[in-house]
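Following: one structure in structure tokens, then a few remarks.
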Amino acid sequence: MKKSILSFILLLYVFSINAQTKLPAYLDLNQPIEVRIKDALSRMTLEEKVGLCTAESKFSTHGVPRLGIPELWMSDGPHGIRMEIMWDSWNHAGWTNDSCTAFPALTCLAASWNPEMAHLYGKSIGEEARYRHKDVLLGPGVNIYRTPLNGRNFEYFGEDPYLTSKMVVPYIQGVQANGVSACIKHYMLNNQEKWRGNIDVELSDRALHEIYLPAFKAAVTKGKVWSVMGSYNKIRGQYACENELTLMKILKGEWGFDGCVISDWGAAHDTKNAALNGLDIEMGSWTNGFSSNRANAYKNYYLADPYLKMLQSGEIPVSNVDEKAARILRLIFRTAMNQNKPFGSFAGPDHFDVCRRISEQGIVLLKNSAGLLPIDKSRYKTIAIIGENATRSLTEGGGSSELKPKYEISSLQGLTEKFGADKIKYAMGYASGKVEYDKVNPSPYDAAIIRKEAVDLAAKSDLVIFVGGLNKNSQQDCEGADRITYSLPFEQNELISELLKVNKNVILVMLSGNAYEMPWISKATTLVQAWYGGSESGHAIANVLSGNVNPSGKLPFTFGVKLGDYGSHSFGIIAYPGDSIKEIYKEDILVGYRWFDTKKIKPLFPFGYGLSYTTFSYGKPSLSSSSMTATDSITVSVKVKNTGKVDGFEIVQMYITDEKSSLPRPEKELKGFQKIWLSPGEEKRVNFTIKKDALSFFDDKKHEWVAEPGTFKVLIGASSADIRGTEKFTLNELH
Ligand code: BGC
């Protein structure tokens, strides 16, 4: 036979094999995702579609086994990949290969004011999720810091919607580049833990749109997040997971969200409301699917058999489940069935390095008036390290963000490595109880005895480093309950006051995710806010205290002098914590510095504040034009110079003030920031672009964002209270 005939027969053979084995469209990666979804749906029974909508274990959903469509596996979030949890209970599964990298808490990331760090964080945690075969990372959280009592503030990005939005978008992009979905939470108005399961939040449209929605909106419209977690609380009378306004109108309507709404664990309450008002996947309603208690079976979830029955009877149209199943398939194709995702990696040196760098960039130097920092090691023969937080694990506890890290460097360890074991002595000074979710355990120590021991040690040491703050116990920085006081716990104020009396060289290093009262502040010369730094916390702290790293973090929320100084605590219990049924956000749009500035209340430390080991001078800001219209923009330009002796980052901030407006506006609002690196003597020009959105407010009558023509001020500063230059410009009417 001729060669050409032979090859033709071969080709026919190959074609025929291909024809026989042709992939169904939903498995064909060359097909557009929407075609694949449509094809999969056309092959599924009603029962299979309904099956997609609920959990089949604590952290997984049903797939469609008959079609080879796998389940979704989820994991907390947001600071590391949580240890494996038992199939049907909250108990730890006791695996030995799930010890992760504990990344810094999100308040620390926020304090870095560095979107590049947020991207690196997302990329790295996404790689860990991927390695552990997780499809959905339950985080990050972007609830706004409304009260310093909220037990979960450490899991969020602080009080400002602009800063939060800028940080969350790169985090999401980093995670999702791994074929792992970020799940932005807790949507929404879950701004406290007390009564989180039922409290009904009432607030104005302005507060909703100007303060609480923007970070979620940025996550959806800019970050293109693939899933959103509905919260426990009610919003204007309806549960957040069954909320027509926030889920149907805003999220899926106005923002065009094409992903899945996943309930917080146990946040669904009613089949019809959940089905019709936007919930796609119901998780954690109850467990024990395999116990003798049949009533607790997964099949009895609101979106399981009860939902199927309503679809079969016609009470709910079948189009409703088609829509949900399409969203869930989209999520599965983007994650579990994504053939192009990388393999990921887990708890390796590169991730620990990321952890240390973010932790270092988030540490905020609040006070350094005696020049104790950076520590000149040659000046001290003896260093006393005091405080329980210097040795305590702060990745354990806290609720669902608890982690089992491969390692966690304590402050004592980091400081001992840095300054030498021969110089260092440790005393606990104060003590809390064993960490437990939902329960406050008493300390096993006699407070007076351990305090005296620490004060005696401090008195005879050359330098004292106190490491205290909050911890992850219930009623501290922990899910499920709020703090009960603004004060530091475990009699730390008494201890700190005594330390300050017996030694003039005291450095206070505070680890927390929240602000607290500082009755001793006028006596303290040196204060560092070091958050929860995760695995590399102790190294990061030691690097900053020693001067190997110049601190560059700035506060993502205001430290008030006292609790009553916060807007949320200025209107009685109805504004916080509510009357157990309802809560009204009476401070309205004046959250955080917006309240302190507008009401002229001097904070202890303002939003955006943080010192450095070097100094920066700011030039006079200049504007590209003295006027603009709603369709163009103005560039603000300012020169910033490192006038000190060491390299360092400065975070240059831009705030806008509306001089006159038809509706009340805050004194000023953050609308731009840049973190720049400068060597000694170096000067850089920083540019900000001002567009209409930086000038707008939400007009609740017109129900739209409005920029009113008139005069505006642009303020360039090193913090919200340290404005270095101001210029005016006008927004002209469009003709
Ligand atoms: C928390 C969520 C968490 C979920 C799963 C809930 O109690 O509010 O943030 O992702 O549990 O652990």
Side-chain angles (χ1 to χ4, degrees), residues 54-61 72-93 98 100 103 105-107 125 129 132 134-143 150-157 168 171-172 175 180-199 215-216 219 225-234 239-241 260-269 279-287 298 301 395-404 436-438 472 474 477-482 513:
T54 54
E56 77 160 348
S57 81
K58 208 86 193 106
F59 282 95
S60 67
T61 62
L72 286 165
W73 280 91
M74 310 184 184
S75 170
D76 287 302
H79 304 143
I81 307 306
R82 194 179 186 181
M83 66 288 263
E84 294 298 325
I85 303 291
M86 295 294 276
W87 185 269
D88 274 311
S89 78
W90 286 109
N91 295 338
H92 299 162
D98 55 354
C100 65
F103 294 94
L106 291 190
T107 30
I125 197 173
R132 290 264 302 278
K134 305 300 180 192
D135 307 302
V136 180
L137 174 75
L138 302 170
V142 289
N143 297 83
N150 179 11
R152 285 188 98 170
N153 277 336
F154 70 102
E155 288 188 65
Y156 305 139
F157 289 88
V168 78
Y171 181 117
I172 293 167
V175 171
V180 172
S181 171
C183 182
I184 195 89
K185 66 190 189 184
H186 304 87
Y187 189 70
M188 63 169 302
L189 299 168
N190 181 187
N191 302 102
Q192 69 194 49
E193 288 299 281
K194 191 165 171 90
W195 296 319
R196 69 172 175 175
N198 67 286
I199 198 77
F216 288 104
V225 73
W226 293 333
S227 60
V228 171
M229 185 188 291
S231 58
Y232 287 118
N233 50 292
K234 285 184 177 170
Y239 279 109
C241 285
C260 287
V261 174
I262 300 174
S263 76
D264 201 339
W265 271 233
H269 294 269
L279 183 65
D280 300 306
I281 300 180
E282 178 190 354
M283 297 299 293
S285 290
W286 42 77
T287 54
Y298 293 104
Y301 271 37
T395 55
E396 189 194 351
S400 58
S401 65
E402 64 172 356
L403 294 172
K404 184 168 92 184
E436 204 164 341
Y437 178 65
D438 262 7
K472 298 289 186 67
S474 183
D477 283 329
C478 181
E479 184 181 338
D482 281 351

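FYI, side chains are in, hydrogens and waters are out, and symmetry mates aren't considered; it's all heavy atoms of this structure. First listed ligand is number 1; within each ligand, the first listed atom is number 1.
Close placement of the Tyr301 and Trp286 rings is indicated, their centers lying within 6.0 Å of each other.
Ring planes of Trp265 and Phe59: tilted class, angle from 30 to 60°.
Applying the side chain to side chain contact (heavy atoms under 4.5 Å, CB included) test to Tyr437 and every residue at least two apart in sequence or in another chain returns Arg196, Cys478, Glu479. Remark: Phe103 pairs with Tyr121 by the ring-ring contact (aromatic ring centres under 6.0 Å, His included) rule, at least two apart or across chains. Residues passing the side chain to side chain contact (heavy atoms under 4.5 Å, CB included) test with Cys183 are Val136, Leu138, Ser227, Met229, Ile262, sequence neighbours excluded.
Checked options Asn143, Asn153, Ile199; the residue passing with Asn191 is Asn143 (criterion: side chain to side chain contact (heavy atoms under 4.5 Å, CB included)).
Listed by chain and residue number, the protein contacts of ligand 1 are Phe59, Asp76, Arg82, Trp90, Leu138, Arg152, Lys185, His186, Arg196, Met229, Tyr232, Asp264, Trp265, Ser400, Glu479 (heavy atom within 4.0 angstrom).
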